[in-house]
Amino acid sequence: MTIRLYDTSARQIRDFTPLQPGCVSIYLCGATVQAPPHIGHIRSGLNFDIMRRWFEYRGFDVTFVRNVTDIDDKIIKKAYEQNRPWWAIGYENERAFNDGYRALGCLPPTYEPRATGHVPEMIEMMRGLIERGHAYEVDGNVYFDVRSLPGYLSLSRQELDDLRQPSEEGETGKRDARDFAMWKAVKPGEPSWETPWGRGRPGWHLECSAMAHKYLGSVFDIHGGGIDLIFPHHENEIAQAKGYGDEFARYWLHNAWVTMSGEKMSKSLGNSVLVSEMVKRWRPIVLRYYLGTPHYRSMIEYSEDALLEAESAFARIEGFMQRVVEKAGGAVEPADEVPPAFAEAMDDDLGVPQALAVVHTTVRQGNSALAADDKEAAVARLAEVRAMLGVLGLDPLDAQWAGEGDRGEDLHGVVDSLVGLVLQQREAARARKDWATADAIRDQLNQSGLVIEDSPQGPRWTLGSR
């Protein structure tokens, strides 16, 4: 068994060899908490949640670090605009992100450090970089000297002479306009921390280098994030870490965007779709299916139609599972192992689309077994489906989704009783061969968003597409 991953730094798929046999260390750039998350933000966490689950299925002990950037220019700007403390805005949105991760079934990280809790580590890294000649202080700002490090821009593969990295307000005294700020001198009214170079606050790039070093050491296996972070964020992380003496990440993985009308989904474009609103309109497990089943390096073009297709596809899987459980007369546990074709797809750069094709093939085989009244084969296929969906975090029979599938357990009982009465009337009409009335009742239920299916155990209902 060999897991293979696309390494952005190598521009190719590489065999994954962990630093420590049986263990995997992962650092994922998490949320900058200036606003609540849209589904584009959550996609990254979800993609790397699937990667983590696959490593764990393959028997690895995973250390997963996902940071929180709780201080930056945008958070400070929001604080001014809303006349609220910067930390209140950060904490409020940090909770919104965690609610979003939890709603879509993401496992909690091993560690989730905040930038503001690691200023001493940042000071230590800056001191080391200044001593090694890679950084310098001017007017309370600390800058990284990009010309001091051979190999700078090796991740993004740009040419330094072509690079344009304009200075922000207050960034005075740079030796080279392309040097980037690791520490920003205090401005009136802004939060600040004491350092040997005066009061100020962290630059965005420094915090991740310092936190990765603290929690994962001088070298670790995988660094992840969205493709928009390759430059400048990840490039500058590498520069700081290597200048400090760390080997840093051995593999770099980047997920693609969720787009809308061909553009990256973002707050600035005004086209964001907040997770908190989406989960009111769509089942969270369907949202996970929609965001998690395309390949992590493929763009997702957001549309209502695409979500409806995802909902219908997942309903076919779920319907099969429910029918087999009824046929079996009770719970069916997941198989101990996933089918070989599924494992082969996941080992090949987390090929979720190909793995999902195995799920659907197995569902079709299970439906054929049900049609042939082959209970043993149907149960075996369900066990395989549960094992595969469990790896993807999509098993509707798993305890983590208990009560989610019917959009509220309390309402489900009420609706089930009411629909049961209507279905009794339909059965009575069918018994007296009043097909027109029976069909009219079914059509009316369909118009209400319910799908009626006649089974050997009697009629059953499920929620259909909108």
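Because the structure is predicted, anything quoted here is derived from the model rather than measured.
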- Task: Measure from the ring center of His360 to the ring center of Phe320 and say whether it is less than 6.0 Å.
- Result: no

- Rounded to the nearest 0.5 Å, what separation is found between the NE2 atom of His234 and the CG atom of Asp228? 8.5 Å

- Task: Consider only side-chain N and O atoms of Asp70 and Trp86, and report whether a donor and an acceptor are under 3.5 Å apart.
- Result: no

- Indicate yes or no: at least one non-hydrogen side-chain atom of Phe314 is less than 4.5 angstrom from one of Arg288. no

- Cation-pi between Arg283 and Tyr289: NZ/CZ under 6.0 Å from ring centre and within 45° of the ring axis? no

- Note on the structure: side-chain contact (heavy atoms from CB on, under 4.5 Å) test vs Pro113 passes for just one of Met211, Glu207, Glu121, namely Met211

- Neighbour count >12 (heavy atoms, 6.0 Å) for atom OH, Tyr57: yes

- Judged by atom type as modelled, is there a donor-acceptor pair below 3.5 Å linking the side chain of Asp221 to the main-chain atoms of Ser25? yes

- Using 4.0 Å as the upper bound for N to carboxylate O, is an ion pair formed by Glu384 and Arg381? yes

- Message: When you compare the side chain of Ile222 with that of Tyr27, does any pair of heavy atoms fall below 4.5 Å?
- Response: no

- Calculate, to the nearest 0.5 Å, the distance between atoms CD and CG belonging to Gln12 and Leu5 respectively. 12.5 Å

- Just by modelled atom types, is the Gly351 backbone N or O under 3.5 Å from a matching donor or acceptor in the Asp349 side chain? no

- Query: Aromatic rings His41 and His38: how do their planes relate, parallel, tilted or perpendicular, breaks at 30° and 60°?
  - Reply: parallel

- Say you draw a straight line from CD1 of Ile238 to OG of Ser9; how long is it, rounded to the nearest 0.5 Å? 7.5 Å

- Polar side-chain atom of Ser312 near backbone of Glu309 as donor-acceptor pair, under 3.5 Å: no

- Query: Is there a donor-acceptor pair closer than 3.5 Å between any side-chain N or O of Arg250 and the backbone N or O of Pro18?
  - Reply: no

- Is it true that Glu81 and Lys78 have a side-chain N and a carboxylate O under 4.0 angstrom from each other? no

- Any chance you could lay out the salt bridge (charged side-chain N to carboxylate O under 4.0 Å, His left out) test for Arg432 and Asp434, step after step, and finish with the verdict? CA-CA 6 Å; Arg432 63 176 182 267; Asp434 184 357; 3.7 Å; yes

- Using 4.0 Å as the upper bound for N to carboxylate O, is an ion pair formed by Glu94 and Arg114? yes

- Between the side chains of Thr32 and Gln34, does any donor sit under 3.5 Å from an acceptor? no

- With under 30° as parallel and over 60° as perpendicular, where do the rings of Trp252 and His254 fit, or are they tilted in between? parallel

- Item | Basic-acidic side-chain contact under 4.0 Å: Asp99, Arg95 | no

- Message: Under 4.0 Å between a side-chain nitrogen and a carboxylate oxygen: does that hold for Asp73 and Arg201?
- Response: yes

- Message: Is the shortest side-chain heavy-atom distance between Val65 and Ile26 below 4.5 Å?
- Response: no

- For Tyr296 and Leu253, indicate whether the former's side chain and the latter's backbone hold a donor-acceptor pair under 3.5 Å. no

- Message: Tell me whether Asp336 at atom CG has more than 12 heavy atoms from other residues, nucleotides or ligands lying less than 6.0 Å away.
- Response: no

- Residues Arg442 and Asp439 bridged, charged N to O under 4.0 Å: yes

- Message: Between Glu301 (side chain only) and Val258 (backbone N and O only), is there a donor and an acceptor less than 3.5 Å apart?
- Response: no

- Separation between CE (Met51) and CD (Glu56), nearest 0.5 Å, reads 10.5 Å

- Query: Is it true that a side-chain atom of Trp257 and a backbone atom of Ser298 form a donor plus acceptor pair closer than 3.5 Å?
  - Reply: no

- Task: Indicate the ring-plane relationship of Phe220 and His223, choosing parallel, tilted or perpendicular according to the 30° and 60° boundaries.
- Result: tilted

- Query: Any side-chain heavy atom of Met321 sitting closer than 4.5 Å to one from Asp395?
  - Reply: yes

- Message: Would you compute the distance between atom CD1 of Ile300 and atom CE of Met265 and round it to the nearest 0.5 angstrom?
- Response: 9.5 Å

- Task: Could you tell me whether the side chains of Ser303 and Asp305 share a donor-acceptor contact shorter than 3.5 Å?
- Result: no

- Query: Is any side-chain heavy atom of Phe180 closer than 4.5 Å to a side-chain heavy atom of Leu206?
  - Reply: no

- Query: Pick one: which of Val273, Leu291, Thr259 meets side-chain contact (heavy atoms from CB on, under 4.5 Å) with Tyr302?
  - Reply: Val273

- Query: Within 45 degrees of the axis of the six-membered ring of Phe16 and under 6.0 Å from its centre: does Arg4 put its NZ or CZ there?
  - Reply: no

- Message: With salt bridge (charged side-chain N to carboxylate O under 4.0 Å, His left out) as the criterion, how do Arg430 and Glu427 come out once you've worked through the C-alpha distance, each side chain's angles and the decisive distance to 0.1 Å?
- Response: CA-CA 5 Å; Arg430 286 162 61 90; Glu427 287 302 290; 3.5 Å; yes

- Message: I'd like to know if the side chain of Arg316 and the backbone of Glu311 have a donor-acceptor N/O pair within less than 3.5 Å.
- Response: no

- Check the side chains of Thr2 and Asp15 for a donor-acceptor pair under 3.5 angstrom, ignoring hydrogens and angles. no

- Within 45° of the axis and under 6.0 Å from the centre of the six-membered ring of Tyr6, does NZ or CZ of Arg297 qualify? yes

